[in-house]
Amino acid sequence: VRIVPMETRPYLSQAEWASLAEVGTGFGHALIHSDHAKRLLELKLIYNLLGSCRITAAGRMMLQSRQSMAARHAVPQ
């Protein structure tokens, strides 16, 4: 597993993060915007399997990293 330093990771818009998270739910038939799918495919964060978008290990790692960062910076209520 190769860990990419934060400054070299690709920038994703909020909408692209949402699309990656949708694909990451694992239900296989996530309908995401075609531009998002194209970009996430180019970045190898998702792949296409029989017409269905699936998340790659790299995509899952980025989601987990983002979720753990959000949890660390969450304000306790």
Side-chain angles (χ1 to χ4, degrees):
V1 175
R2 190 177 132 233
I3 298 176
V4 179
M6 185 62 88
E7 59 276 356
T8 61
R9 290 183 188 172
Y11 171 80
L12 296 179
S13 68
Q14 285 296 113
E16 290 167 335
W17 276 112
S19 292
L20 183 61
E22 180 68 26
V23 173
T25 61
F27 292 113
H29 293 290
L31 296 175
I32 61 173
H33 194 279
S34 61
D35 289 341
H36 299 174
K38 181 180 176 187
R39 179 128 194 277
L40 296 173
L41 283 164
E42 288 171 355
L43 294 171
K44 298 188 182 341
L45 299 176
I46 65 172
Y47 65 98
N48 191 318
L49 179 67
L50 302 173
S52 169
C53 291
R54 304 291 173 102
I55 194 164
T56 63
R60 186 155 316 281
M61 286 175 50
M62 282 190 67
L63 275 180
Q64 289 171 347
S65 173
R66 182 176 172 95
Q67 290 167 348
S68 67
M69 282 178 46
R72 281 194 303 254
H73 298 315
V75 177
Q77 295 183 8

key: Gap separating the NE2 atom of H36 from the CG atom of L20, nearest 0.5 angstrom   =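 Nearest 0.5 Å value for the NE2-CG distance: 11.5 Å.
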
query = In Å and rounded to the nearest 0.5 Å, what is the CD1 to CZ distance from I46 to R54?
reply = 11.5 Å

request  = Go through the structure and list residues passing side chain to side chain donor-acceptor pair (under 3.5 Å) with R66, not counting sequence neighbours.
outcome  = Q14

request  = Output all residues satisfying side-chain contact (heavy atoms from CB on, under 4.5 Å) with A21, sequence neighbours left out; order by chain, then residue number.
outcome  = L63

query = Among all residues two or more places apart in sequence or in another chain, which pass the side-chain contact (heavy atoms from CB on, under 4.5 Å) test with A18?
reply = none

ask   = If you take all heavy atoms of E16 and L40, which pair is closest and at what distance?
value =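 Taking E16 first and L40 second, the nearest heavy atoms are O-CD1, 4.1 Å.
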
query = Which one of L31, T56, L45, I32 satisfies the side-chain contact (heavy atoms from CB on, under 4.5 Å) criterion with V23?
reply = I32

